[in-house]
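The shown structure was predicted, so the numbers you read here are calculated from the model rather than taken from an experiment. Residue numbers begin at 1 in each chain, while the letters A, B, ... track the order of the sequences. Atoms considered below: every heavy atom in the structure, side chains included; atoms not considered: hydrogens, waters and symmetry mates.
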Amino acid sequence: MFAQVLFSGFALGSIYGLVALGFAVVFKATQVFNFAQGALAVCGAYFAVTAISILGLPFPLAILAMLAASALLGVIIHMTLIQPLSGRSMLAIIMVTIALSIVIRAVIEIIYGPQGRVLSTPLPTGVFIVGDLRMPKLHLTAAATSWVCMAAFGAFFRFTRVGLLMRATADRHEAAMAAGVNVNLMNRLAWAIGSVLAGIGGLFLGQLQIVSTELETIGLLALPAVVIGGLQSIPGAIVGGLLVGMIEQFSSSYISPKSTDIAIYGFLLLILLFRPWGLLGDQETGRV
Amino acid sequence: MSDTILDIRELSVGYGRKGLALDSVSFSIPRHAIVGLLGANGAGKTTLIRSITGLLKINGGHVVSGSVAFDGQPVLGLPAHKRVGLGLAQSPEGRMVFSRMTVEENLMVGAAMLPRSRQDEGLSSIYRFFPRLKERHRQIAGLLSGGEQQMLALGRALISRPKLLLVDELSLGLAPILVNEIYGELGRIARSLGTTMLVVEQNAHVALKYVDTIHVLDRGSIGYSGTAEEAAGSEAMKRAYLGEGQKEGAA
């Protein structure tokens, strides 16, 4: 059973890590603690439902449409809500993201109805069996895709010119402006990336369960994940996501399925008490 | 091409509802000159620099009236990055390096607007001017000494070969010997690249050694203008501004 739980924890944790990475990119760039990250994951799942089930697009095209819609959503949120409020207190902006998540939820339920939808994709659905270990192909695909995305974005930030300018913007806003960086464009891009990563996470979460606005709660596990990993740390978001996945699966299997939130937020509390800058965060700048 | 690179006309700037931080300031900078802008703390130097570079708004200020033309083009309506793109670079006060990035990455941010083929050339020219930066090119910028961070901020601004470089409070918090060394290097750079420079200094004694002409800001207005020689010889100027400048500089 241990290996089985470890596998599920890893697979789900990889998805959480992906959504958390999106959260961290936005937070690093614009200092916005985005409570709507879970809602953005839900949007991704519904974009996929729309493209695949309603519009009937071929799968690769549907995925491209879903990614484009997610990116556009991030850009629109930055343009209409975040940028006009730049310079305001963190609390004001947090309230805006909470309001946004509520509005998104309501709009989705108005358009698609309150009941969930099944997302049927051509992704492989069988199960690999190795000894006692059952590995659903969907979990494997989700984990593999998450890691490919995380590696790709890591390489993007590290090795490309735009990635360099985004890191400069996150490091020091005013210095980046002084050095000729189009800071607004970089921030907009960060929101697009954050929304796309949430959307991909939402796609897989919707595949593993059904697509409904309830996915928001799972998407919001990105929050404890980034705080555990370290708010200012990109690798921390991934590690935090994995840990949250592990804690969830282990507590669910060994204690009770109802105990997962207690375990996750209990662990979060311990981190806040004894290491408030997170596991991989920076002690000086990353205190929560 | 006119002989004036920067032309400021009757510029007035305020923050919020408070009074004017700059009150009808006018002066111009001839091409290839090194011009000093002096004044005590709170005289409006930083406000003037922000108006020129486009960082006024994010610091809560706004232009009330007047104009700033760079290379014949009005720039007050342009965002900061567009002004840098025109060739108006700055080395900001407090150095402001990207502290979590390496020395070379810092420089590459400044070089990002160059075509890729000219980036390596830009990098090696900065390393020629400041060999210390080459020695430390893989170090995290936040771990450099104050003098090295100042060189890095200057290098980041110079790498795109700007027409005008604004140098804001270079001497702040640095040992005098280092300040002289860096100003000396800046003078050599100005001559070899033909860069015009506007040097903002609280420490008037240092500035007078390296600039051609000076303008002194006093409570938001230009209180004195003249060549560095005239200023050094002028008793009135010394009494009114330099005494104060020296005290501030030594503090």
Side-chain angles (χ1 to χ4, degrees), chain A residues 24-25 27-31 79 82-89 93 154-190 230-236 277-278 280-286, chain B residues 46 49-50 52-60 78-102 104-116 119 140-142 149 152-162 165-168:
Chain A
V25 167
F27 183 79
K28 264 181 98 81
T30 57
Q31 264 70 55
M79 280 174 78
I82 304 302
Q83 195 192 333
L85 286 174
S86 76
R88 300 293 189 82
S89 75
I93 299 176
F156 168 75
F157 288 122
R158 187 98 185 77
F159 299 116
T160 70
R161 196 164 82 152
V162 176
L164 177 79
L165 298 183
M166 288 187 73
R167 277 191 293 144
T169 306
D171 196 310
R172 213 157 188 173
H173 237 75
E174 194 170 348
M177 288 177 92
V181 179
N182 186 346
V183 165
N184 253 328
L185 186 66
M186 295 305 136
N187 290 344
R188 203 154 290 170
L189 202 53
L231 260 182
Q232 292 281 357
S233 168
I234 295 288
W277 53 91
L280 300 183
D282 176 355
Q283 185 162 357
E284 280 173 21
T285 59
Chain B
T46 301
I49 289 291
R50 285 174 180 164
I52 300 171
T53 57
L55 298 184
L56 192 60
K57 218 167 119 191
I58 66 158
N59 285 293
L78 295 180
H81 68 272
K82 291 234 168 98
R83 303 190 200 192
V84 181
L86 291 175
L88 203 175
Q90 71 159 321
S91 159
E93 183 186 347
R95 303 184 270 277
M96 293 214 265
V97 296
F98 302 117
S99 55
R100 285 183 290 259
M101 294 163 65
T102 67
E104 189 148 311
E105 286 175 336
N106 267 267
L107 292 172
M108 289 313 284
V109 172
M113 68 184 61
L114 293 175
R116 215 164 281 257
Q119 289 182 345
I140 296 296
Q149 290 193 0
L152 184 54
L154 290 166
R156 187 180 65 198
L158 280 164
I159 196 167
S160 59
R161 296 282 171 96
L165 174 66
L166 307 182
V167 183
D168 198 356

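Residue contact with chain A, scored on non-hydrogen atoms closer than 4.5 Å, is absent for B:Asn106. In this structure, chain A has no heavy atom under 4.5 Å from any part of B:Arg95. Both the backbone and the side chain of A:Leu164 come within less than 4.5 Å of a heavy atom in chain B. At a 4.5 Å heavy-atom cutoff, the contact between B:Gln119 and chain A is made by side-chain atoms alone. Of the two parts of B:Ala157, neither the backbone nor the side chain holds a non-hydrogen atom closer than 4.5 Å to a non-hydrogen atom of chain A. With a threshold of 4.5 angstrom between heavy atoms, A:Ala170 approaches chain B through N, CA, C or O but not through any side-chain atom.
B:His81 is not listed as a side-chain neighbour of A:Met186, based on a closest heavy-atom distance of 4.5 Å or more. The closest side-chain heavy-atom distance from A:Met177 to B:Thr53 is not below 4.5 Å. A:Arg167 has its side chain out of reach of B:Val109: every pair of non-hydrogen atoms, C-beta onward, lies at least 4.5 Å apart.
With values rounded to the nearest 0.5 angstrom, B:Leu55 atom CG is found 5.0 Å from A:Glu174 atom CD.
Of the possible polar contacts, none joining the B:Arg156 side chain to the A:Ala179 backbone as a donor-acceptor pair under 3.5 Å is found.
Interface remark: of the candidates B:Gly94, B:Ser99, B:Pro79, B:Ser99 forms the most heavy-atom pairs closer than 4.5 Å to chain A.
Across all non-hydrogen atoms, the minimal contact from A:Ala175 to B:Phe98 is CB-CE2, 3.7 Å. Between A:Arg172 and B:Met96, the shortest heavy-atom distance links the atoms NH1-CA, 3.4 Å.
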